There are 2 protein chains.
Amino acid sequence: MKSDNITKNVAHRRYGDACGAAHALELIGDRWALLVMREMMFGPRRFGDLRASLPGISANTLTQRLEGLITSGIARRERLPPPASTPVYALTEWGLESEPILGVLGRWAVRSPQHDPTLAFSAASLLLSLRTMIAPDRAGSLYAKIGFRMAGETYCASIVDGVFAAERAPVEDCDIVLEGDPPTIAAWIYGGVPLDDLETAGALRITGDRSLVAIFPELFPLPAKAQS
Amino acid sequence: MKSDNITKNVAHRRYGDACGAAHALELIGDRWALLVMREMMFGPRRFGDLRASLPGISANTLTQRLEGLITSGIARRERLPPPASTPVYALTEWGLESEPILGVLGRWAVRSPQHDPTLAFSAASLLLSLRTMIAPDRAGSLYAKIGFRMAGETYCASIVDGVFAAERAPVEDCDIVLEGDPPTIAAWIYGGVPLDDLETAGALRITGDRSLVAIFPELFPLPAKAQS
DNA sequence: CTGTATCCGTGTTGATACTG
DNA sequence: CAGTATCAACACGGATACAG
């Protein structure tokens with residue numbers, strides 16, 4: 001039995017408001033929706049990957065969100081080519097263009113006095129936050145390639161003209177390579193935890209150009225908290 | 001009796017995620033929250049004003065959202081000076097800085113094939129959408145002041161260096177003054193409905209510089225829809 | 001006019017278990 | 001690993017009543 005729930009996603013809650021922001025909330029305002037999109041920002045992901053990156057989401061909810069995103073034209077279901085014909089979920093082109101939403105939300109919300117940076121942090125979150133938080137005036141004309149090894153995957157990022165970009169790719173030809181889990185890397189870049197402490201604890205390993213390593217965290221200043 | 005519901009807003013749903021966007025959703029991801037903020041973007045509003053601008057919200061829900069926004073430091077409850085000592089709700093400075101969130105959401109969502117521009121449209125929505133949609137290259141070096149009379153209130157907007165800004169103010173010294181309800185004005189600017197039709201129907205009245213009137217809608221092009 | 005207090009029907013969420 | 005089934009808790013919207 002698969003289609004007893006005829007009136008589930010069809011009669012989706014609407015606002016009856018022509019405002020674009022209101023329509024955006026109808027599309028991606030459901031709980032978890034935007035975070036599911038976040039996890040697909042760097043390429044297709046499997047059901048289990050998404051579930052692992054979103055601690056607390058239930059399988060039910062993830063299924064419903066993916067269905068909703070697909071019927072809205074934001075995501076797409078693919079199947080990896082045989083022999084590994086696993087189903088994966090990817091953002092459409094339009095879905096990918098929602099990235100500024102994550103940036104603007106994050107830049108605004110980290111100023112909240114209640115923001116707790118010690119919680120779980122996915123690889124996608126870290127890379128998107130670096131893209132959001134880089135200060136172009138501090139980067140100046142720096143050109144650099146930065147590799148990341150996190151949770152069994154590798155990402156290759158670049159800093160060009162003050163813009164930080166990243167993709168899932170091998171870490172070859174990178175000026176520096178960071179190896180550790182996302183919260184640890186964040187503790188170094190954002191939290192000001194000394195690199196020596198993390199390296200001797202075996203939580204973080206950085207190889208490559210030490211002069212770049214020395215200034216790297218300064219490229220990503222956090223905005224001041226709002227009020228008290 | 002006022003505090004029987006101890007565990008209502010206190011145990012607010014969290015994501016347990018350090019990502020800034022996730023925290024933003026904890027702050028303003030509740031249904032209606034962002035739309036309530038939208039209505040306060042141009043200054044303090046009364047409970048009844050908010051309710052009237054948000055068709056479909058219940059008094060209960062509006063009360064809860066306002067409480068949440070206040071405890072998060074996003075909004076503030078004030079009282080107009082006597083004799084009209086009516087309570088009003090206003091955004092804090094930090095709350096006001098959430099405006100780019102509305103812009104980015106709207107710019108992305110109007111490209112949805114399912115967006116319906118014929119629904120209700122508040123004055124705040126219209127002015128924010130003009131601010132979002134203005135094309136600086138089309139505005140060029142145009143300098144103009146535009147007045148709006150909508151639903152018994154007046155707004156004064158300016159176009160300077162391709163930036164559209166508006167505030168609740170008298171429409172004095174404006175180059176043109178638009179008088180009509182927000183959906184009608186939107187039909188002219190965005191919908192391409194001829195001004196003559198709207199004026200003869202008595203739905204819209206524009207006074208002032210006719211040459212500015214002629215080119216005005218062209219300053220606000222809508223982005224192309226995503227895919228089909 | 002500005003809310004608060006209930007009741008109620010319904011949809012959504014999350015936990016657990018389970019199937020292919 | 002990729003989901004589905006079931007169930008309990010709760011949030012939401014609508015209606016209504018009512019207090020300051």
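Just so we're clear, the structure is a prediction, and the values are computed from it rather than from any experiment.
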Show me the donor-acceptor pairs, under 3.5 Å and distance only, between side chains in residues 164-177 of chain A and residues at least two apart or in other chains.
unit_1, atom_1, unit_2, atom_2, d
A:Arg168, NH1, A:Phe42, O, 3.3
A:Arg168, NH2, A:Pro44, O, 2.9
A:Asp175, OD2, A:Lys145, N, 2.7

Per-pair distances, 0.1 Å, donor-acceptor, side chain in residues 96-107 of chain B, under 3.5 Å, sequence neighbours excluded:
unit_1, atom_1, unit_2, atom_2, d
B:Glu97, OE1, A:Arg111, NH1, 2.3
B:Ser98, OG, B:Gly95, O, 2.6
B:Glu99, OE1, B:Arg131, NE, 3.3
B:Glu99, OE2, B:Arg131, NE, 2.8

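When the side-chain hydrogen bond (donor to acceptor under 3.5 Å, both in side chains) test is applied to B:Tyr15, no partner is found at least two apart in sequence or on another chain. Not counting sequence neighbours, B:Arg149 has no partner by the side-chain hydrogen bond (donor to acceptor under 3.5 Å, both in side chains) test. With sequence neighbours excluded, no residue forms a ring-ring contact (aromatic ring centres under 6.0 Å, His included) with A:Tyr190. Residues that satisfy the side-chain hydrogen bond (donor to acceptor under 3.5 Å, both in side chains) test with B:Arg205, not counting sequence neighbours, are B:Glu179. The side chain to side chain contact (heavy atoms under 4.5 Å, CB included) test applied to A:Arg46 returns A:Asp49, A:Thr86, A:Val88, not counting sequence neighbours. Residues that satisfy the salt bridge (Lys or Arg N to Asp or Glu O under 4.0 Å) test with A:Arg45, not counting sequence neighbours, are A:Glu153. Remark: A:Ser72 engages no residue in a side-chain hydrogen bond (donor to acceptor under 3.5 Å, both in side chains) (not counting sequence neighbours).
Judged purely by distance below 3.5 Å, without hydrogens or angles, the side chains of B:Thr184 and B:Asp181 pair a donor atom with an acceptor atom.
Checked for salt-bridge contact, B:Arg76 and B:Glu78 meet the test: a charged N lies under 4.0 Å from a carboxylate O.
When the P atom of D:dG3 is taken as reference, atom CG of A:Leu66 falls 8 Å away, rounded to whole Å. Rounded to whole Å, atom C1' of C:dT13 lies 16 Å from atom CG of B:Leu25. Protein atom CD of B:Glu67 is 10 Å distant from nucleotide atom P of C:dG3, rounded to whole Å. Rounding to whole angstrom units, CG of residue B:Leu50 and P of C:dT2 are separated by 10 Å. The separation between A:Leu80 atom CG and D:dC1 atom P is 14 Å, rounded to whole Å. Taking atom CG of A:Leu54 as the reference point, atom P of D:dA2 lies 14 Å away to the nearest angstrom.
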Fill in the blank from the handout: Nucleotide by nucleotide, nucleotides 12-18 of chain D touches protein heavy atoms under 4.0 Å in the pattern (B base, S sugar-phosphate only, - none) SSBB---
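As judged by a 4.0 angstrom heavy-atom cut-off over every strand, B:Arg79 is placed among residues making no nucleic acid contact.
In the region residues 39-49 of chain A, proximity to DNA chain D at under 4.0 angstrom, judged on heavy atoms, holds for A:Arg46, A:Phe47, A:Gly48.
Rounded to 10 degrees, the angle separating the terminal helix axes of the helix from C:dC1-D:dG20 to C:dG20-D:dC1, each built from five base pairs, is 40°.
A close approach under 4.0 Å does occur between a side-chain nitrogen or oxygen of A:Arg77 and OP1 or OP2 of D:dG3.
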